[in-house]
Engineer: 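This is the structure I have questions about; it appears just below.
Predicted model only: the values in this text are computed from it and were never measured. For the single chain, residues carry numbers from 1 onward in sequence order.
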Amino acid sequence: MANGSSAQALLHIDWILVVSAAWLLVGAAGVAALRRLAFVARVLFPLGGALGLVLFGLAVSALGDTPEVAVLPIGLPSLPFHLRLDSLAAYFLMVIGAASAGISVFAAGYFRKGEGTPPGLLCMEYHVFLASMVGVVLADDAYAFMVMWETMALSSFFLVTANHRIPEVRSAGYLYITMAHIGAIAILLCFGVLQANTGDYTFDNMRAQRLEPFWASVGFLLAVLGFGAKAGVLPLHVWLPEAHPAAPSPVSALMSGVMLNTAIYGLLRVSLDLLHGPLWWWGALMLALGLATALYGVVFSAVQTDMKRLLAYSSIENMGLLFAGMGLTLIFTSFELWPMAALSLTATLYHVASHAAFKSLLFLGTGSVLHATSERNLGKLGGLIRTMPWVGWLVLLGVLASAGLPPLGGFVAEWLLLQSFLFTPGLPMPVLTMLVPVVAAVIALVAALAGYVMVKFFGVIFLGQPRDHELMASTEGVKLVIEIGAETERVWADRDRIGQAIANLFDNAFRHARGTPTIELGARRDDDGAVHLSVRDHGPGVAAEALPHVFDRYWQGRTRRGGAGLGLAIVRGIARAHGGDATVANHPDGGAQFTIVLPPQPAP
């Protein structure tokens, strides 16, 4: 029950809990509609996105208001959930709501049947993940925090391993959950130190404690270990480059753009709220960790050939910048330089929102490319802006923000961070006064390398000439019309194995064609019982274009140079496996036609 000045009106925290409960209900509806893909995609995921927008609006309205608290009697009898909504929590809830709204809309059209986990179960895991992140930010005692933290870890583990039939995906998931539990143990020990042997694990009690410097430092180091494992800082980063590429693209966007920020929230909550009087070397340690992590992440992202691994290492780099910003905040706070501490904290929080926006956008862009081409290797991509212009321009927006170019959010965040370093000559310690400008120069180097990485990312995928002829006709999606007469349907069904194999093959090719091709499937049986199957394009305005562009480019990359067409070779291979043969020729009425001849079926 919420506590506030008005006993009759619902508070912001009450409405936020309603949004979280609604997300859980959407997840439950997904389980009820386990394999009804259309319902999950067209109703449940868009509904989850709308709830994200509601959460965003509630969080914005709660910024700057007095803290609101609530106690939910849903835990153990003597351990209810204590919740608290203050400005810091509202800011991170705003980021969660905005990012989840966009990602949910994309996820509605992304998941498919037969891709590992049933769509309804994915929907449940996805919305439990969202609700648990809200619970982490609202938690005001160690018990509620750890329950929500572990729920977040487990739900994201099942999302990462959605395509669990692939061994590499399972290995990435196991590595992720192992590191998540190592971090959780460190966080639990941190809370044990902060409660100062009082037995009261509420955050209010931890705020009231005045720990000795030694025990305060132990609690801080445990927090850095626990939350650093979730953020992916060195040397606890090993899970991140494996889990992000293994997860579906909407999940990668949610984990990189939103979940990593919960670790930043946890560190800010512990170091600036639960602990008092941070020591200067806490900030120096954070600054060193952040610098090493950022430099490591940007260097390794520069040499990646997998576009999702490149973005995963880019996320490591951005987490390093956030750690550097928090370190500078702690240094200024330890010397009570409040204006400078406010500036560096502003830079950190601005980068949190900026990273959530552009990294989510980039992961969703890679998901679109992956769906259109089934390819993640940068060496095989290129020139996609011609056939995927909307994806290309939106990804360019994320690339410019990630590269730190004005006037986008990435530039503003990095500019504020570098401005914070300009005030370090006012520090009373000469050692820090000498070293911090060097750190600022290295951060400028990281920003320059990040710009190079983003230029490479966008240029290789969307600009230049295609590097793989099979991907030259990839598009953002076209409609396919198949005309099947009654006799054709009967004969194709008579030979369903070969018919289904070839139909799937042609469907895969023609969905990459420009326009709206109309495909005619023909079939007849001759006097000897042999089956003649034909596949012909005769769409209006496409007949002269579709087969030369689809077959010659998508399948027959070497046809125009005199080589054998790969598409014909594939179809002929399928036909010959069933004792038949295949040919391709121009049709008298225009376009082209594949003809597959199958021998009579043996008598039963």
Side-chain angles (χ1 to χ4, degrees), residues 9-30 39-65 68 83 85-111 122-138 148 152 155-156 159 249-262 265 349-350 352-365 367-368 390 394 397-398 401 408-409:
L10 290 176
L11 303 177
H12 292 103
I13 192 171
D14 298 316
W15 287 113
I16 291 172
L17 291 175
V18 170
V19 171
S20 297
W23 266 336
L24 295 178
L25 290 176
V26 170
F39 177 73
V40 171
R42 297 174 185 174
V43 177
L44 297 185
F45 273 109
L47 180 58
L51 291 170
L53 286 178
V54 173
L55 176 63
F56 172 78
L58 290 171
V60 170
S61 64
L63 284 173
D65 283 359
E68 301 171 2
L83 307 177
L85 177 65
D86 55 14
S87 295
L88 181 64
Y91 183 82
F92 279 86
L93 289 174
M94 179 187 70
V95 173
I96 293 172
S100 64
I103 295 170
S104 297
V105 172
F106 180 86
Y110 185 86
F111 296 113
L122 275 172
C123 177
M124 186 271 288
E125 296 162 358
Y126 179 91
H127 289 96
V128 169
F129 185 36
L130 292 178
S132 63
M133 287 190 288
V134 172
V136 165
V137 174
L138 287 179
M148 293 295 103
M152 179 179 71
S155 57
S156 56
L159 287 170
S249 293
V251 177
S252 300
L254 204 58
M255 292 177 67
S256 182
V258 183
M259 186 193 73
L260 297 184
N261 288 332
T262 62
Y265 165 81
L349 293 177
Y350 198 97
V352 164
S354 176
H355 179 254
F358 69 69
K359 193 53 61 70
S360 298
L361 182 59
L362 291 176
F363 267 112
L364 298 184
S368 298
W390 280 104
L394 288 173
L397 184 65
L408 300 175

Engineer: Report the residues that fulfil side-chain contact (heavy atoms from CB on, under 4.5 Å) with Leu24, sequence neighbours left out, ordered by chain and then residue number.
Structural biologist: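 Partners of Leu24 by the side-chain contact (heavy atoms from CB on, under 4.5 Å) criterion, ordered by chain and then number, come out as Val128, Ala131.
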
Engineer: Test of understanding: with side-chain hydrogen bond (donor to acceptor under 3.5 Å, both in side chains), list the residues that count as partners of Ser104, not counting sequence neighbours.
Structural biologist: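 Applying side-chain hydrogen bond (donor to acceptor under 3.5 Å, both in side chains) to Ser104 gives Tyr126.
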
Engineer: Run the numbers on Met133 and Phe92 for side chain to side chain contact (heavy atoms under 4.5 Å, CB included), then give the verdict.
Structural biologist: CA-CA 10 Å; Met133 287 190 288; Phe92 279 86; over 6 Å; no

Engineer: Please report the interatomic distance OG1(Thr262) to CG(Leu260), rounded to the nearest 0.5 Å.
Structural biologist: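 Interatomic distance, Thr262 OG1 to Leu260 CG, rounded to 0.5 Å: 7.5 Å.
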
Engineer: Between atom OG of Ser360 and atom NE2 of His355, what is the distance when rounded to the nearest 0.5 Å?
Structural biologist: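 Atom-to-atom, Ser360:OG and His355:NE2 are 8.0 Å apart.
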
Engineer: What are the two closest heavy atoms between Val40 and Pro46, and how far apart are they?
Structural biologist: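 Looks like O-CD, 4.4 Å.
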
Engineer: For the CZ atom of Phe56 and the OG atom of Ser61, what is their distance to the nearest 0.5 Å?
Structural biologist: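 Here the rounded value is 10.5 Å.
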
Engineer: Hey, mind stepping through Met255 and Phe129 against side chain to side chain contact (heavy atoms under 4.5 Å, CB included) and telling me if it holds?
Structural biologist: CA-CA 10 Å; Met255 292 177 67; Phe129 185 36; 4.2 Å; yes

Engineer: Considering residues at least two apart in sequence or located in another chain, which fulfil the side-chain hydrogen bond (donor to acceptor under 3.5 Å, both in side chains) criterion with Ser100?
Structural biologist: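 Per chain and number, Ser100 pairs via side-chain hydrogen bond (donor to acceptor under 3.5 Å, both in side chains) with no residue.
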
Engineer: With a 4.5 Å heavy-atom cut-off, do Cys123 and Val26 have their side chains touching?
Structural biologist: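 Yes. Closest side-chain heavy atoms under 4.5 Å.
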
Engineer: To the nearest 0.5 angstrom, please state how far the OG atom of Ser132 sits from the CE atom of Met259.
Structural biologist: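 Taking OG in Ser132 and CE in Met259, the distance rounds to 10.0 Å.
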
Engineer: Roughly how far, to the nearest 0.5 Å, is the OG atom of Ser20 from the CG atom of Leu138?
Structural biologist: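 That separation rounds to 6.5 Å.
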
Engineer: Is the shortest heavy-atom distance from the side chain of Leu17 to the side chain of Leu83 under 4.5 Å?
Structural biologist: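 Contact flag for Leu17/Leu83 side chains = yes.
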
Engineer: Measuring from atom CG of Leu47 to atom CH2 of Trp23, what distance do you get when rounded to the nearest 0.5 angstrom?
Structural biologist: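 Going from CG on Leu47 over to CH2 on Trp23, the span is 11.0 Å.
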
Engineer: Leu397: what forms a side-chain contact (heavy atoms from CB on, under 4.5 Å) with it, not counting sequence neighbours?
Structural biologist: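 side-chain contact (heavy atoms from CB on, under 4.5 Å) check on Leu397 returns Leu361, Leu408.
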
Engineer: My understanding is that only residues two or more places apart in sequence, or in another chain, count here; which of them pass side-chain contact (heavy atoms from CB on, under 4.5 Å) with Ala107?
Structural biologist: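 Partners of Ala107 by the side-chain contact (heavy atoms from CB on, under 4.5 Å) criterion, ordered by chain and then number, come out as Phe45, Phe111, Pro250.
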
Engineer: In the structure I gave you, are the side-chain heavy atoms of Val258 and Leu130 within less than 4.5 Å of one another anywhere?
Structural biologist: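 No, side chains not in contact.
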
Engineer: Restricting to side-chain contact (heavy atoms from CB on, under 4.5 Å), what partner residues turn up for Ala62, sequence neighbours left out?
Structural biologist: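 If we apply the side-chain contact (heavy atoms from CB on, under 4.5 Å) test to Ala62, skipping adjacent residues, the hits are His12, Leu85, Ala90.
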
Engineer: Go through the steps for Leu58 and Val19 under the test side chain to side chain contact (heavy atoms under 4.5 Å, CB included), then give the verdict.
Structural biologist: CA-CA 10 Å; Leu58 290 171; Val19 171; 4.0 Å; yes

